[in-house]
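Worksheet: one structure, shown below.
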Number of protein chains: 2
Amino acid sequence: MPSSNQQMKFALKSTGHSITVPRKQLFKTLQAHEAQTIHELVARCPTVDRATIYRTIELFEELGIVQRLQIGWKYQLELTDSYVHHHHHLVCTRCGAIIALAEDAELEARLITLAATADFTASDHQLEIRGLCSNCH
Amino acid sequence: MPSSNQQMKFALKSTGHSITVPRKQLFKTLQAHEAQTIHELVARCPTVDRATIYRTIELFEELGIVQRLQIGWKYQLELTDSYVHHHHHLVCTRCGAIIALAEDAELEARLITLAATADFTASDHQLEIRGLCSNCH
DNA sequence: GCAAAAATTGCGACTAATTTGCAAAAATTG
DNA sequence: CAATTTTTGCAAATTAGTCGCAATTTTTGC
Ligand SMILES: [Mn+2]
Ligand SMILES: [Mn+2]
Ligand SMILES: [Zn+2]
Ligand SMILES: [Zn+2]
């Protein structure tokens with residue numbers, strides 16, 4: 001079983017990219033948080049230049065390592081389903097909490113079916129449910 | 001049956017806001033497109049100042065007239081479910097097309113149920129399915 | 001309609017977010 | 001380890017978004 005670390009390194013090498021200190025740093029930080037803004041990422045990686053962070057995120061996106069989430073005003077970043085188990089997000093509109101929602105086979109199946117009826121070949125998807133968490137209602 | 005235009009005007013008046021030329025213009029432009037970035041909105045409303053567009057979108061959000069979608073890097077704007085029928089989006093990763101996916105009762109029901117099992121009271125949600133459209137695969 | 005009052009707009013300046021060119025530094029090659 | 005290739009940091013340049021305020025538009029109450 002390849003660790004997600006090895007998986008990330010393979011994704012880089014196999015596409016002709018180098019394994020560098022900033023890239024390892026960024027990956028590590030992404031593993032440590034459920035979802036985070038670019039600004040948080042910049043703050044959490046003080047030794048890495050802002051421009052490098054933008055460039056690395058772009059590369060990680062191309063390699064399918066990271067994805068953007070549609071949460072609130074600013075987009076958030078998190079590892080893709082290849083690196084963490086597929087899930088969706090419950091976002092509390094009162095306290096701002098972001099709660100991971102475990103994968104549901106029935107829901108997933110319905111999504112694929114629906115896309116197919118529109119002659120669309122789905123590769124991945126994102127779902128955000130807004131409302132009130134247990135603490136806030 | 002109130003037209004969505006009347007509905008928008010009522011939303012403004014009933015909260016003590018004026019009906020102005022820029023506001024009518026923005027609303028009309030929002031009705032004309034499935035989803036659009038702020039930049040597109042600015043380009044499509046040349047007579048309205050950038051600052052006014054930002055302020056109007058903020059107001060329209062507060063009044064539940066418009067919502068943001070996070071598709072790709074920049075967020076996109078579109079009318080809420082109170083103004084256009086509830087739907088989700090298929091986003092083609094090759095040509096960038098954004099296709100509306102008609103509402104599906106089974107899917108919607110499953111969403112609510114899932115959120116509830118996490119003791120979460122869902123108010124609304126957003127779903128984006130990425131993949132290849134019929135022209136691109 | 002009309003004048004006064006209230007709300008909104010456009011403009012310009014300003015701050016934050018993102019992108020880009022390029023020389024220096026780091027990683028890979030053999 | 002030296003040569004080659006890739007990446008990084010830094011600074012400058014764009015682009016996106018915000019704010020104060022005087023001028024203009026809308027609303028209100030005759
Ligand atoms: Mn997550
Ligand atoms: Mn839409
Ligand atoms: Zn909450
Ligand atoms: Zn397409």
Side-chain angles (χ1 to χ4, degrees), chain A residues 5-30 35-63 65-78, chain B residues 5-30 33 35-63 65-78 96:
Chain A
N5 233 291
Q6 290 175 305
Q7 192 184 341
M8 174 269 286
K9 289 179 179 172
F10 178 76
L12 286 171
K13 295 306 261 182
S14 64
T15 52
H17 293 96
S18 307
I19 293 168
T20 68
V21 173
R23 286 173 185 170
K24 285 186 284 190
Q25 195 100 58
L26 264 283
F27 185 74
K28 191 174 181 183
T29 305
L30 286 165
Q36 57 200 312
T37 61
I38 263 258
H39 179 266
E40 290 169 329
L41 213 45
V42 168
R44 287 168 179 153
C45 300
T47 62
V48 183
D49 189 74
R50 224 173 34 259
T52 299
I53 292 188
Y54 278 103
R55 285 185 288 228
T56 304
I57 290 301
E58 189 182 5
L59 174 64
F60 278 8
E61 268 193 302
E62 286 167 18
L63 299 182
I65 295 175
V66 86
Q67 65 179 148
R68 281 163 212 257
L69 301 181
Q70 41 177 43
I71 295 179
W73 287 59
K74 315 261 191 282
Y75 62 84
Q76 307 223 2
L77 301 160
E78 75 169 15
Chain B
N5 231 291
Q6 290 175 306
Q7 192 183 339
M8 176 271 286
K9 288 178 180 173
F10 177 76
L12 286 171
K13 294 306 260 182
S14 63
T15 52
H17 294 95
S18 307
I19 293 170
T20 68
V21 172
R23 285 172 186 171
K24 285 185 285 189
Q25 194 101 59
L26 266 283
F27 186 75
K28 192 174 180 182
T29 305
L30 285 166
H33 301 270
Q36 57 199 312
T37 61
I38 262 257
H39 178 267
E40 289 170 328
L41 213 45
V42 169
R44 287 168 179 152
C45 301
T47 62
V48 183
D49 189 75
R50 212 172 54 256
T52 300
I53 291 189
Y54 278 103
R55 285 185 286 229
T56 305
I57 289 301
E58 189 182 4
L59 174 64
F60 278 9
E61 268 194 302
E62 286 168 17
L63 299 182
I65 295 175
V66 86
Q67 64 179 147
R68 284 165 206 250
L69 304 178
Q70 186 73 55
I71 296 180
W73 286 65
K74 315 271 180 330
Y75 61 84
Q76 308 225 0
L77 300 160
E78 74 169 17

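These numbers were taken from a predicted model, which means no experiment stands behind them. Every chain is numbered from 1 and lettered A, B, ... according to where its sequence line falls, protein lines coming before strand lines.
Side-chain contact between B:Q25 and B:T20 is absent, with no heavy atoms from C-beta onward closer than 4.5 Å. Taking the side chain as every heavy atom from C-beta outward, A:L30 and A:L41 approach each other to under 4.5 Å. Using a 4.5 Å cut-off on side-chain heavy atoms (C-beta onward), A:I38 and A:Y75 make contact.
Map A:T52 and B:I19 each onto its nearest nucleotide of DNA chain D; the residue landing nearer the 5' end is A:T52.
When the C1' atoms of four end pairs are superposed on the next four at each end of the helix from C:dG1-D:dC30 to C:dG30-D:dC1, using five pairs per end, the two resulting axes differ in direction by 60°, to 10°.
Distance from the side chain of A:I38 is smallest to C:dT18 among C:dT18, D:dT7, C:dG10.
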Would you list the atom pairs, donor with acceptor, under 3.5 Å between side chains in residues 51-59 of chain B and any protein atom, with sequence neighbours excluded?
unit_1	atom_1	unit_2	atom_2	d
B:T56	OG1	B:T52	O	2.7

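For the OP1/OP2 pair of C:dT18 and a distance below 4.0 Å, the side-chain nitrogens and oxygens of A:Y75 include at least one atom meeting the criterion. Note on A:T20: a side-chain N or O is less than 4.0 Å away from OP1 or OP2 of D:dT8.
In this structure, A:H39 atom NE2 and D:dG17 atom P are separated by 16 Å, rounded to whole Å. The CD1-C1' distance, from B:I57 to D:dG17, rounds to 13 Å in whole Å. What separates CD of A:E58 from C1' of D:dT6 is a distance of 16 Å, to the nearest Å. Rounded to whole Å, the distance from NZ on B:K13 to C1' on D:dT27 is 6 Å. Distance A:I53 CD1 to D:dT7 P: 17 Å, rounded to the nearest Å. Rounded to whole Å, the distance from CG on A:L41 to C1' on C:dT18 is 15 Å. As rounded to whole Å, 14 Å separates atom P of D:dT7 from atom NZ of A:K24.
B:H17 is linked by a side-chain hydrogen bond (donor to acceptor under 3.5 Å, both in side chains) to B:T15, counting only residues two or more places apart in sequence or in another chain. With sequence neighbours left out, A:R68 forms a salt bridge (Lys or Arg N to Asp or Glu O under 4.0 Å) with A:E61.
Residue A:R44 places its CZ atom among more than 12 non-hydrogen atoms of other residues, nucleotides or ligands, all under 6.0 Å distant.
What you find for B:A11 and B:I65 is that their closest heavy atoms are CB-CD1, 4.2 Å. A pairwise comparison of heavy atoms in B:A35 and B:E40 identifies O-OE1, 4.2 Å as the closest pair.
Here the CD1 atom belonging to A:I19 is positioned 11.0 Å from the CZ atom belonging to A:F10, to the nearest 0.5 angstrom. Between B:Q7 atom CD and B:F27 atom CZ the span is 7.0 Å, to the nearest 0.5 Å.
Side-chain atoms of B:R23 come within 3.5 Å of backbone atoms of B:S18 as a donor-acceptor pair (strictly under, hydrogens ignored).
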Short heteroatom pairs, N/O only, protein and nucleotides 2-7 of chain C, under 3.5 Å:
unit_1	atom_1	unit_2	atom_2	d
C:dA7	O3'	B:S18	OG	3.4

Report, one pair per line, the protein and nucleotides 19-23 of chain C atoms (nitrogen or oxygen only) whose separation is under 3.5 Å.
unit_1	atom_1	unit_2	atom_2	d
C:dG21	O6	A:R55	NH1	3.4

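At the heavy-atom level, B:T37 lies nowhere under 4.0 Å from the strands shown.
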